[in-house]
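Structure first, then comments.
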Amino acid sequence: MISRTVHMRSLSSRGVQATEERTRREDEAKLQVSSKLFRCDVDGVLKLAKPLDKGKRELADAISACTANNIESFMRSRLEGWHHNRDDIGNNDSTIWTALKNAGVVAKRARKPACLANSKAKFIDSLDIHLQELQPWIDRKAVRKSHGYNERAMYLWIQHFHLYVAHHIRRYLHEAIPRKAQGNGNRQWRLVLPYARTDTKAKDSDDNMRADMALVCQRVGNAVEMIKGNIHYNKVFAIVEAKAKLNDTSITCTSRKRKSALISTELDEGGKSGAPATGSDPLCNKLDTSTRRAFQQLFMYTRQLYVNQPDRRFAWGITVFGTEVRVCIFTSGGALASHTMDISSDDGRRQYICLLVDWSLCEWHQLGYDPTVQRHQDLNCWEILVPPLSADQDGASNPSAGKFSTYAPTPYYFSKAYVVADRLFGRHTRCYPATSIKPAQLVSEQNPIVSEVLVKDAWSFVRRKGISDGSGERGEIEFLKDIKEMLESMPELRNHLPMINCGGTVCVAFNGEMVNDNADSVLGELHLLLFEEEETREHFYSHTRMAMSPIGQRLREVQSVFELIIVVYDALKAHAAVLDKCQILHQDISENNILFQRDESGNVMGMLIDFDNAVDSTAAQNDRRPICAGTLPFMSLNNLRRSDVPRTVVDDMESILYLLIWLGVWGVTSDHRRNTMDMVRIVSKWGIHINDAMDSKKYHMSNTSALAEVLEEFYNCAVETKQAGTLEDQQTVKDIRLSYKLLKGLVLELRAAIFNNPGLTSSAHGTSVLGNDNNYNEDNDAYIPVISIERPAAYNLADKINGLIPATISADPHKERSKPENARKIHLSFMSAFKEYIEISRDYLQTTSSANN
């Protein structure tokens with residue numbers, strides 16, 4: 001049986017200290033190593049870096065062979081002296097020159113340049129320096145004499161090994177060939193060089209964790225030396241995690257049931273992570289403690305590459321345990337690691353040298369970079385190509401089709417991100433406010449880009465035999481097409497929903513041919529290793545991109561609770577129209593997915609965006625194995641329970657309720673939120689772990705007394721009260737308190753509309769279950785409902801058994817509320833509860849505006 005996967009977004013946990021956040025990320029990395037590192041012995045991982053062009057591949061093999069032969073020559077003659085044989089270098093030069101001709105880099109009749117012979121002595125001296133430094137790493141006798149390894153000493157050995165290989169790359173791809181053949185930048189070929197600083201925190205890191213080592217791609221003509229200065233993740237190609245020794249202690253394989261539980265609680269970025277659990281345990285669960293720890297750290301640091309690099313499609317990483325090296329590739333669906341390469345053996349050294357040379361000569365996209373996203377250093381902005389919407393109409397955006405768009409993509413330009421990919425796995429959703437007009441001068445705060453669209457880039461989880469995203473019969477682009485058609489007949493909603501301008505599946509050039517960018521193009525047949533069950537092989541990740549308008553402001557930029565209520569109600573009206581006219585259920589109501597605009601008069605208009613997690617409402621009603629989707633702090637109880645109850649509009653309404661509570665506690669405006677930054681609140685648990693969120697919501701939504709505990713933590717204007725020195729300031733404080741009191745009243749009514757709706761029978765009321773709250777069935781990954789009602793305090797399971805409580809009470813109120821007729825009643829009650837508060841909010845804002853005027 002395939003375990004249900006959690007597909008959710010997570011927010012930065014408010015009220016969580018730095019140490020707690022580090023612990024959370026470490027725990028997350030442990031879960032990811034257990035559930036996402038599928039294989040640790042895949043020979044094909046190294047082949048993924050092989051240049052696609054036959055001539056380049058042969059050239060890489062020739063350079064690798066010469067580099068390895070030079071080390072072997074040194075190893076054989078180390079007792080006689082430390083210097084390389086000049087004749088060997090000369091023979092290598094001739095071999096490489098022939099390979100350059102065969103690869104078409106230089107003309108067939110070109111003569112070997114004299115500079116190779118003239119620079120031979122300098123080249124040999126450079127190699128000897130590096131060999132002296134790295135000898136303890138590759139020489140087993142030196143290892144025995146040193147009685148093992150010191151981790152910090154290993155950093156230097158690894159650095160010099162990379163520099164040794166880089167010298168060969170530069171000699172044959174820079175010194176030996178004309179400048180015109182070298183190309184511009186590092187996209188044709190490059191040097192892979194180490195940073196000089198080790199065990200250090202990157203300058204642009206969003207935490208205080210220190211990576212062991214980092215590699216960066218440099219132009220082939222640059223000097224072969226360590227990169228000085230601070231590490232910047234936005235420039236890093238790959239992270240290297242090194243351990244001095246291996247422990248013999250092995251970790252027992254995680255059981256299949258436990259593994260399913262781990263996967264189901266993982267917080268994947270980007271909504272539908274879509275990678276169902278495999279049917280058996282990955283081999284990585286048999287790794288020893290030290291190896292697993294190294295992988296956990298590698299996972300934590302590699303996440304930073306996605307956060308800081310807009311053009312990152314997938315990532316590479318390296319683990320070193322003594323002399324044993326593994327290479328890891330990270331994709332949206334999971335990670336695969338190579339077999340072990342022992343640097344102290346001839347074969348191990350040759351394999352690792354081949355990898356470094358292949359990285360230097362392969363296509364840019366084989367390094368994990370996106371060739372359709374390019375940095376314009378001279379303009380201080382990025383260019384991103386968005387596929388045309390018309391391509392989808394020709395079937396070109398169908399990931400399973402062999403076609404690609406013949407229409408030219410639209411270039412857009414951006415300088416900042418609204419949303420970054422802050423998870424190692426999942427959809428890697430990114431959003432950029434952009435313009436189609438190329439900046440004429442340097443972009444800066446004084447000369448910003450005037451955005452006209454929002455470009456969204458994501459890896460959608462799709463079915464191979466169609467354009468579905470795995471959650472219904474349509475994907476996000478298809479949903480947005482339907483919405484665009486609906487807006488033609490409902491122009492009053494144009495400012496409340498996104499209008500798609502262009503978009504489709506991203507295409508990249510593979511060895512001269514344009515292909516759809518997806519998991520197959522990244523991993524090839526290795527993609528099947530991520531999903532061992534036959535059913536899951538029908539799904540994979542596909543790279544999609546779209547441009548939409550209008551662009552809204554973030555919800556945190558509203559200026560009062562009154563504006564918040566208006567904005568959320570506008571989003572609710574848009575939600576109702578999309579559900580009614582297009583049969584689209586959103587499934588991810590969150591702080592990030594409701595925006596607003598402000599007209600010339602200062603009035604706000606709410607927008608509902610992001611249909612990444614949306615499903616066909618009809619399909620959702622009939623789905624007996626619904627996925628757990630959404631953003632953790634705002635997920636409904638039905639979602640958090642991971643039950644088989646169909647998802648309905650009630651789940652989205654419940655998310656609205658949690659959103660209002662969340663903002664009420666942490667503060668609605670950006671000023672209020674700053675005042676609560678370091679506080680710990682009841683709702684802090686909502687954003688950390690799925691089980692904590694479920695337990696807290698289950699209790700605090702059970703009755704008004706329990707909810708009152710949360711309402712007591714609503715923003716209390718303590719900072720403003722202290723700073724109120726004038727009568728005007730004091731009146732402002734009173735107005736803020738009044739607004740939060742209004743929000744409390746709205747929350748109470750919305751909670752009643754869902755969990756205690758008078759229009760429904762008591763069987764649809766309540767949240768909690770009787771007896772043991774840990775009725776978790778690991779076999780099918782679902783909570784077993786017992787009885788769920790709003791019960792008197794004296795009630796217990798014995799009363800039920802003795803017949804004191806009527807046996808007609810439903811076993812699951814969530815299931816009762818999901819019935820179509822009950823869901824409609826709850827939806828109507830929910831919207832009606834809002835109306836009175838909308839009128840109050842608008843009257844207040846109009847009165848305030850008139851008074852100010």
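Contact of the Leu215 side chain with the Pro194 side chain is registered, since non-hydrogen atoms from C-beta on lie closer than 4.5 Å. A 4.5 Å side-chain heavy-atom check between His160 and Met226 finds at least one atom pair inside the cut-off. When side chains are defined from C-beta on, Leu367 counts as touching Cys217, because their heavy atoms get closer than 4.5 Å. With contacts defined as side-chain heavy-atom distances shorter than 4.5 Å, the pair Arg326/Thr291 qualifies. For the pair Val105 and Lys56, the minimum side-chain heavy-atom distance is 4.5 Å or more. Inter-residue side-chain proximity for His168 and Leu127 is flagged as met; some heavy-atom pair is nearer than 4.5 Å. Using a 4.5 Å heavy-atom threshold, the side chains of Pro310 and Asp457 count as separate.
Arg349 contributes no side-chain N or O that, together with a main-chain N or O of Asp342, makes up a donor-acceptor pair within less than 3.5 Å. In terms of modelled atom types and a separation under 3.5 Å, the side chain of Thr302 and the main chain of Phe299 share no donor-acceptor contact. No donor-acceptor distance shorter than 3.5 angstrom exists from the side chain of His543 to the backbone of Ala458, with no hydrogens or angles considered. With hydrogens and angles disregarded, a donor-acceptor distance shorter than 3.5 Å links the side chain of Ser360 to the backbone of Arg190. Judged purely by atom type and a 3.5 angstrom limit, Tyr432 has no side-chain atom pairing as donor or acceptor with the backbone of Ser415. Using modelled atom types, no side-chain atom of Thr372 and backbone atom of Leu385 make a donor-acceptor pair closer than 3.5 Å. The main-chain N or O of Val443 is found under 3.5 Å from a side-chain atom of Asn380 such that the two form a donor-acceptor pair. Within the 3.5 Å criterion, the main-chain N or O of Gly426 finds a donor-acceptor partner in the side chain of Ser332. Asn308 places a side-chain N or O within 3.5 Å of a backbone atom of Gln304 that can act as its donor or acceptor partner.
At a cut-off of 3.5 Å, with distance as the only test, a side-chain donor of Ser34 or Arg292 sits close to an acceptor on the other residue.
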| query | Hey, mind stepping through Tyr352 and His162 against ring-ring contact (aromatic ring centres under 6.0 Å, His included) and telling me if it holds? | reply | CA-CA 10 Å; Tyr352 191 50; His162 285 85; 5.6 Å; yes
| said: Pair Cys507, Asn516 - check side-chain contact (heavy atoms from CB on, under 4.5 Å), show working. | reply: CA-CA 4 Å; Cys507 295; Asn516 290 324; 3.3 Å; yes
| task | Determine, step by step, whether Gln366 and Asp358 satisfy the side-chain hydrogen bond (donor to acceptor under 3.5 Å, both in side chains) criterion, reporting the C-alpha distance in whole Å, the side-chain angles of both residues, the deciding distance to 0.1 Å, and the verdict. | result | CA-CA 10 Å; Gln366 291 179 268; Asp358 288 341; over 6 Å; no
| message | Working note: Thr505 + Asn518, criterion side-chain contact (heavy atoms from CB on, under 4.5 Å); need CA distance, chi angles, decisive distance, verdict. | response | CA-CA 9 Å; Thr505 303; Asn518 53 45; 5.9 Å; no
| request: Begin from the C-alpha positions of Tyr155 and Gln159 and carry the test side-chain hydrogen bond (donor to acceptor under 3.5 Å, both in side chains) through to its verdict. | output: CA-CA 6 Å; Tyr155 298 155; Gln159 289 170 330; over 6 Å; no
| request: List the steps, then state whether side-chain contact (heavy atoms from CB on, under 4.5 Å) holds for Arg303 with Phe330. | output: CA-CA 10 Å; Arg303 181 193 68 87; Phe330 299 90; over 6 Å; no
| side-chain contact (heavy atoms from CB on, under 4.5 Å) evaluation trace for Val419 with Arg430 | CA-CA 5 Å; Val419 178; Arg430 301 175 173 99; 5.9 Å; no
| field | Pair Glu324-Thr340, side-chain hydrogen bond (donor to acceptor under 3.5 Å, both in side chains): steps then yes or no | value | CA-CA 6 Å; Glu324 296 181 355; Thr340 299; 4.5 Å; no
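Ring geometry for Phe414 against Trp382 counts as parallel: the plane angle stays under 30°, on a 0 to 90° scale with 60° as the upper cut.
His365 pairs by the side chain to side chain donor-acceptor pair (under 3.5 Å) definition with nothing, not counting sequence neighbours.
No salt bridge links Arg375 with Asp311; every basic N to acidic carboxylate O contact stays at or beyond 4.0 Å. Ion pairing between a basic and an acidic side chain is recognised when a charged N comes within 4.0 Å of a carboxylate O; Arg545 and Asp370 show such pairing. A salt bridge links Asp61 with Lys50: the closest approach of a Lys/Arg side-chain nitrogen to an acidic carboxylate oxygen falls below 4.0 angstrom.
To the nearest 0.5 Å, atoms CG (Leu163) and CG (Leu131) are separated by 11.5 Å. How far OG of Ser521 is from CZ of Phe510: 4.0 Å, rounded to the nearest 0.5 Å. Between the CD atom in Gln296 and the CD atom in Glu26 there is a gap of 8.5 Å [rounded to 0.5 Å]. Here CG of Asp517 is found 9.0 Å from CZ of Phe314. Values are rounded to the nearest 0.5 Å. Ile329 CD1 to Leu48 CG: the interatomic distance, rounded to the nearest 0.5 Å, is 5.0 Å. For the atom pair CD of Gln188 and CD of Glu363, the computed distance is 9.0 Å after rounding to the nearest 0.5 Å.
A distance of 6.0 Å or more separates the ring centres of Phe161 and His130.
Across all non-hydrogen atoms, the minimal contact from Val307 to Asp422 is CG2-CA, 3.7 Å. Across every non-hydrogen atom of Arg25 and Met209, the tightest pair is CB-CE, 3.9 Å. In this structure, Ser64 and Val357 approach most closely via the heavy-atom pair OG-CB, 3.3 Å. Pairing each heavy atom of Ala244 with each of Met154, the nearest pair is CA-SD, 3.5 Å. Here the closest heavy-atom approach between residue Arg170 and residue Asn222 is recorded as NE-O, 2.9 Å. Contact between Met341 and Gly348 at its shortest, heavy atoms only, is CB-O, 3.9 Å.
Taking the ring centre of Tyr369 as origin, the terminal cationic atom of Arg312 falls inside the region bounded by 6.0 Å and 45° from the ring axis.
Counting non-hydrogen atoms of other residues, nucleotides and ligands closer than 6.0 Å to NZ of Lys201 gives a total above 12.
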Hey, can you pull the donor-acceptor pairs under 3.5 Å for the side chains in residues 228-240, sequence neighbours left out?
unit_1 : atom_1 : unit_2 : atom_2 : d
Asn230 : OD1    : Arg197 : NH1    : 2.3
His232 : ND1    : Asn230 : O      : 3.1

